[in-house]
Each structure stands twice: as structure tokens, then as C-alpha cells.
Amino acid sequence: MKNISTHPNRIRMLLDDKGVAEVCLVRTDKMNALDAAMFEALVAAIAQLKTRADLRAIVIYGEGKAFCAGLDMASFTAMSDADKEASPTNDLMPRTNGLANTPQHIALGWREIPVPVIAAVHGVAFGGGLQLALGADVRLVTPQTQMSFMEIKWGLVPDMAGMVLVRGLVRDDVLRELIYTGRIAVGADAVQSGLATRVCDDPLLEARAMAASIASRSPNAVRGAKRLANLTNQTLGDDAAALLIAESIEQVALIGSLNQTEAVQANMEKRPPVFQ
């Protein structure tokens, strides 16, 4: 396989001679948590893969103990900082990538790539990590994989395109429960709730086999099928634009507020929060 990485400290990206790309998150010391460098690497990966005419399928996975543990803790401390360059999560209102801001784009952008994307998810996919996985066409998980909209724990809401990507996957009342409580769905429960596609013992092995099978099909038919799937799921267009803006408005109002700061401090100090 040919190495096509542009940000090797965060992502290893390989392409084989059949047109199957593998995107591996390699920040293993932080369970592949999302920091500014990881955001930059994912944006660059999406931009690169969107333009490849030889691409047939993509497998995305995390190296080490987890797929992605969500936003890096250090990013929380930068959220209310006046220096907007400190983190891509600080200034959420500008639409930096079409309909989306940068955090939204690293999840939604996989839907804009014209070939199927298969996520092999192990360990945890929490918060932003879950929304990153939701950007894939298919999510394969182990029986032990943990998935959660963890934002409520930090006094926040899902705002990385999760509200767009989850439509058609999770029943409305189940989605509300998952978001309001931050409940962790494990393995088969994640499948039943709609967050995952199916459980398998080795998601990466299964994902690679699925990608190889897809790569053996007509690339025109596969790309056409993805366009239709996107259209059917209504993940793109004016409808999605309004929802993506709404995510950002809600999150901007929360970031740095007294209760959101208290949620972060309580979690960091491992104590019960005291909200105003």
C-alpha cells in the first residue's frame, strides 16, 4: 500500500492498488482524542480523498485502545479563551467548509466523498468521536464498543453535525434519551439504537473485506448509489444548513457559561457539579 499521509503525527493514510484507502487515527497516547492538529489532519484528509478519481472505498479506524475518545480535554480549557486561534472549536459560527464549520466538517465531510466510507469502531467513540463515526456510511463495532453523545457531561450539546447525520438512524425518542442523559450504548445496544450498523468480532478485518468487495463493483454504480443514499437521507441541502447553524448557535451560547465551566471543572476535579 502507498502512504499518502499529509499529517503523519495524527493520521496514517494508505492507498492500495485496488483503490481502497485506509485512514487511521494515530494519536494513541490520547485515545485518538480530537485536538487542533487532529482537526487539521482530518480536514486535509477529506480534501485529498474527495479529489481522487482512482478511489473506490475508504476504511477509517483508530489505532490503539479506541476509535476516538472525543474532544481533547485541553480543548475544553481553551473554549472560553479570548484567543480564537487556540482551538478550532472556539469560533463556531463561520461556515468554513460549505454548509459547515470546521468541527462539523470533519464528520459531515465523509458524506461528501463520493465513495463508501466504512468505520471500524473499537474501544470508545464518545462525543466528537461518535459524530466522526456517524459520518461514515457504515459503522462496524465489537461487542464491547462503547458509543455515547457525551457532550451533556460537559454541559454542551452535540454540534459536530451529529444532529444531521443521525437522522434516519435513531428513533426520535431514543435520540433524545441518548443526548439528554449521555447514556453509553454498548455493542448490540448501539446497533439496536441505530448508532452502529452491526457487531462483529474484528471490525477492521470486516471493514477491509467489505471495502475490497465494494472496490470490485462498478465504480460508477457505487458512486451513483452513494449520491442517491445521501439524497434519500437528506443530509445535504438547505434543510441541513439550518440544522448545522442551529448546532453552532446552541454551542456558542453554552461555551464558557457558568454552568458549562462548572461541568468541565467538576469532571476534571472528579467531583459532583454544583450548577447555578
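These numbers come from a predicted model, not from an experiment.
- In this model, a donor atom of one side chain and an acceptor atom of the other lie less than 3.5 Å apart for Asn3 and Ser5.
- At distances below 3.5 Å, not a single donor-acceptor pair connects side-chain atoms of Gln251 with backbone N or O atoms of Leu92.
- For the pair Lys65 (side chain) and Met31 (backbone), a donor-acceptor distance under 3.5 Å is absent.
- A donor-acceptor pair under 3.5 Å links the side-chain atoms of Arg95 to the main chain of Met93, judged by distance alone.
- Between Glu40 and Arg10, none of the side-chain N atoms (NZ, or NE/NH1/NH2) sits under 4.0 Å from a carboxylate O, so this pair counts as no salt bridge.
- In this structure, Lys153 and Ala263 approach most closely via the heavy-atom pair O-CB, 3.8 Å.
- A donor-acceptor contact shorter than 3.5 Å is absent between the side chain of Gln146 and the backbone of Ile184.
- For Thr145 and Thr142, the side-chain atoms include at least one donor-acceptor pair closer than 3.5 Å.
- Side-chain atoms of Arg183 do not come within 3.5 Å of backbone N or O of Leu178 as any donor-acceptor pair.
- No donor-acceptor distance shorter than 3.5 angstrom exists from the side chain of Asp137 to the backbone of Pro116, with no hydrogens or angles considered.
- Of the charged side-chain nitrogens involved, none lies within less than 4.0 Å of a carboxylate oxygen, so that Lys30 and Asp72 do not count as a salt-bridged pair.
- With salt bridges taken as basic N to acidic carboxylate O contacts below 4.0 Å, one links Glu262 and Arg271.
- Within 6.0 Å of CG in Asp173 there are more than 12 heavy atoms belonging to other residues, nucleotides or ligands.
- No side-chain donor-acceptor contact under 3.5 Å links His105 to the backbone of Leu99.
- Other residues sharing the hydrophobic cluster of Tyr61, ordered by chain and number and joined by side-chain separations under 4.5 Å: Val59, Leu204.
- Dense packing is recorded around CD of Glu63, with more than 12 heavy atoms of other residues, nucleotides or ligands lying under 6.0 Å away.
- Judged by distance alone, the side chain of Gln144 and the main-chain N or O of Val186 form no donor-acceptor pair under 3.5 Å.
- Using modelled atom types, one side-chain atom of Asn101 and one backbone atom of Gln104 make a donor-acceptor pair closer than 3.5 Å.
- Under a 3.5 Å cut-off, the side chain of Gln276 and the backbone N or O of Asn259 do not form any donor-acceptor pair.
- In this structure, the side chain to side chain donor-acceptor pair (under 3.5 Å) partners of Asp54, at least two apart in sequence or on a different chain, are Arg52.
- Environment of CD in Gln48: crowded, with over 12 heavy atoms of neighbouring residues, nucleotides or ligands closer than 6.0 Å.
- Listed by chain and residue number, nothing satisfies the side chain to side chain donor-acceptor pair (under 3.5 Å) test with Lys18 (two or more places apart in sequence, or in another chain).
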